[in-house]
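So you know, we letter chains A, B, ... as the sequences are listed, proteins then strands, and number each from 1. In what follows, every heavy atom counts, from backbone to side chain, and hydrogens, waters and symmetry copies are set aside.
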There are 2 protein chains.
Amino acid sequence: MTRQKAEAGQTETKSGWKQNPEAVKADILAVALAEFSRNGLSGARMDEIAAKTRTSKRMIYYYFGSKEELYQKALEAAYAEVRKGEEALALSHLAPVEALGRLAEFTFDHHRRNPDFIRLVMIENIHDGKYLEQSETIGSLNQAAIRNIAEIYERGVRDGVFRKGLSPLRIHWIISAISFFNVSNQATFSLLFGKQLFGEAGQELARQDAREAVLGFVRA
Amino acid sequence: MTRQKAEAGQTETKSGWKQNPEAVKADILAVALAEFSRNGLSGARMDEIAAKTRTSKRMIYYYFGSKEELYQKALEAAYAEVRKGEEALALSHLAPVEALGRLAEFTFDHHRRNPDFIRLVMIENIHDGKYLEQSETIGSLNQAAIRNIAEIYERGVRDGVFRKGLSPLRIHWIISAISFFNVSNQATFSLLFGKQLFGEAGQELARQDAREAVLGFVRA
DNA sequence: GACTCATTTAACCGGATGGTACATTTTAAT
DNA sequence: ATTAAAATGTACCATCCGGTTAAATGAGTC
């Protein structure tokens with residue numbers, strides 16, 4: 001998204017062309033993503049989004065139809081963007097314990113790297129997932145995460161280092177919970193219990209804890 | 001909150017009195033809590049809150065001043081309410097492993113029992129905790145949870161069943177993460193990965209998993 | 001170089017929404 | 001009974017805000 005926006009800007013600057021629908025759409029989406037993430041669906045302002053865009057409010061309605069549709073498209077774009085960062089993690093050559101530990105740490109870091117996405121997911125959950133539900137571009141790459149874990153878990157059970165009776169989904173659930181919560185609830189948690197866990201050193205500890213919790217969960 | 005509302009209703013009905021400030025305030029807070037939890041701060045409508053109240057919009061402003069102040073008071077009330085349910089869990093007579101396991105399961109259930117509270121906390125995190133921060137009634141009973149864990153953990157280390165080097169805060173963090181996520185992200189998680197974990201049987205599994213993850217995390 | 005369609009601009013609208021002015025009633029104190 | 005303060009009812013307002021109307025501009029086509 002951000003990358004595409006930058007390109008669009010250059011193209012416009014270089015050529016002086018006026019019409020460039022794809023760039024305009026990408027620009028709107030990027031701004032919308034940021035605004036919805038910051039303020040939520042009802043909290044975001046179409047005028048504000050338009051102002052931060054290189055185009056006008058009229059254009060937003062021209063391409064996206066309504067605030068809700070824009071939100072949905074921004075949500076889809078956010079998922080797509082974050083999914084890209086999930087690929088390319090080769091774990092099958094590692095021993096099961098090490099592979100799962102790496103996966104936990106990677107997921108932990110990946111969530112930290114994408115706070116805006118986390119916020120959007122929180123917002124979407126406030127809406128009971130009704131917009132993600134309407135989306136057609138969902139059930140694709142998420143299943144890959146499960147298959148990834150399945151492969152590791154089965155090897156671990158075969159080697160006798162993981163206990164039997166678990167499902168990849170439940171392992172993924174634990175990893176997600178810790179990684180997500182670490183970002184989503186940072187504000188309230190640190191208000192109630194102090195900021196220790198959210199500084200540089202604290203987050204290093206937290207990552208190790210995420211790893212240990214997951215491994216402790218599956219270990220035989 | 002709910003209890004107090006019911007009492008207020010009865011009092012009003014019985015006596016026919018008109019003025020009853022405390023009951024009116026409690027009524028407003030209860031309605032506000034539900035509405036803000038459902039729709040967020042910007043999404044909630046003052047007119048709607050007023051309509052669901054036994055009193056008028058005028059009264060809301062008379063007692064609470066503004067939408068934001070009402071939200072803050074509702075948030076505080078929610079925390080206070082939920083805290084009450086956390087007390088009275090005697091664990092010091094149990095062996096460390098059993099005590100911590102029970103605590104994990106209890107916390108898991110307690111979160112499930114209070115979805116509205118969870119939603120409010122999510123909403124507050126979207127606002128970066130700025131309203132909770134302004135509150136004066138925060139840092140009180142939350143520390144009790146930490147002390148509770150500290151007691152169990154220290155016994156566990158002494159007995160050699162828990163590993164050294166952890167802090168009660170980090171244990172609490174893990175327990176909270178799993179318990180919170182299980183409620184907060186139910187919508188999106190079940191959309192992406194299916195509803196298996198959120199049915200009757202699934203949640204029973206999830207609770208056991210919460211227990212196992214925590215115990216696996218601290219076990220020597 | 002006229003025609004056509006996609007794209008863009010600028011001004012505008014009507015209802016929703018947070019908040020208020022003002023009069024009135026109720027309660028407690030004297 | 002009188003009075004002052006607290007509590008409440010009614011009607012209203014100014015602004016915000018999602019969305020639109022209508023007309024103009026650019027680009028590819030023949």
Side-chain angles (χ1 to χ4, degrees), chain A residues 5 8-9 11-29 31-36 38-75 123 127 130-131, chain B residues 4-5 8-9 11-29 31-36 38-75 123 127 131:
Chain A
K5 186 174 91 180
T11 306
E12 259 179 57
T13 309
K14 251 192 277 185
S15 63
W17 278 1
K18 277 274 180 86
Q19 296 191 182
N20 191 351
E22 291 313 310
V24 170
K25 280 197 244 182
D27 180 25
I28 293 172
L29 266 185
V31 173
L33 180 49
E35 286 294 302
F36 284 129
R38 228 16 86 187
N39 310 110
L41 174 51
S42 53
R45 298 289 160 239
M46 294 302 281
D47 284 314
E48 186 68 17
I49 293 175
K52 292 183 176 169
T53 290
R54 227 173 288 106
T55 177
S56 66
K57 187 163 72 155
R58 181 64 185 80
M59 282 295 92
I60 300 178
Y61 284 95
Y62 181 68
Y63 284 123
F64 296 93
S66 71
K67 190 186 191 184
E68 295 200 344
E69 286 174 273
L70 177 60
Y71 167 78
Q72 185 181 317
K73 288 290 159 52
L75 184 65
I123 288 163
H127 295 293
K130 64 180 278 199
Y131 298 97
Chain B
Q4 215 166 344
K5 186 174 90 179
T11 305
E12 258 179 59
T13 311
K14 249 193 278 185
S15 64
W17 278 1
K18 277 268 177 92
Q19 296 191 178
N20 190 351
E22 290 314 310
V24 169
K25 280 197 244 182
D27 180 25
I28 293 172
L29 268 184
V31 173
L33 179 49
E35 285 294 303
F36 284 127
R38 224 25 80 187
N39 310 111
L41 173 51
S42 53
R45 300 289 160 236
M46 293 302 280
D47 284 314
E48 185 68 17
I49 293 175
K52 291 184 177 171
T53 290
R54 228 173 287 103
T55 178
S56 66
K57 188 164 69 156
R58 177 69 186 76
M59 283 295 93
I60 300 179
Y61 283 95
Y62 182 67
Y63 284 123
F64 295 94
S66 72
K67 192 187 192 184
E68 294 200 343
E69 286 174 274
L70 177 61
Y71 167 79
Q72 184 180 318
K73 288 291 159 52
L75 184 63
I123 289 164
H127 294 295
Y131 298 97

Between atom [atom1] of [X] and atom [atom2] of [Y], what is the distance when rounded to the nearest 0.5 Å?
X	Y	atom1	atom2	value
A:R45	A:N39	CZ	CG	8.0 Å
B:I49	B:F64	CD1	CZ	10.0 Å
A:L70	A:F36	CG	CZ	4.5 Å
A:Y61	A:I28	OH	CD1	11.5 Å
B:E68	B:Q72	CD	CD	9.0 Å

Touch check for [X], heavy atoms < 4.0 angstrom, all strands: base, sugar-phosphate only, or nothing?
X	answer
A:A50	nothing
A:Y63	sugar-phosphate
A:R58	base
A:M59	base

Would you kindly compare A:D47 and B:K57 by the position of their nearest DNA chain D nucleotide and give the one closer to the 5′ end?
-> B:K57

Using the C1' atoms of five pairs at each end, what's the angle between the two axes of the helix from C:dG1-D:dC30 to C:dT30-D:dA1, to 10 degrees?
-> 10°

Whole-Å gap separating [atom2] ([N]) and [atom1] ([X]):
X	N	atom1	atom2	answer
B:Y61	C:dA21	OH	P	13 Å
A:E69	D:dG18	CD	C1'	13 Å
A:E68	D:dC17	CD	C1'	15 Å
A:I49	D:dG19	CD1	C1'	14 Å
B:F64	C:dG18	CZ	P	16 Å
B:I28	C:dG19	CD1	C1'	15 Å
A:R54	C:dT7	CZ	P	17 Å
B:Y62	C:dT26	OH	P	15 Å

Begin with the C-alpha distance, continue with both residues' side-chain angles, and end with the deciding distance and a verdict on salt bridge (charged side-chain N to carboxylate O under 4.0 Å, His left out) for B:E48 and B:K52.
-> CA-CA 6 Å; B:E48 185 68 17; B:K52 291 184 177 171; 3.6 Å; yes

When only distance counts, do a donor and an acceptor, one from the side chain of A:K67 and one from the base of D:dG19, lie under 3.5 Å apart?
-> no

Of the candidates D:dC17, D:dG19, C:dG18, the side chain of A:R45 sits closest to D:dC17

Charged N-O contact under 4.0 Å between B:K25 and B:E22 | yes

B:S56 side chain near D:dT8 phosphate (N/O to OP1/OP2, under 4.0 Å) = no

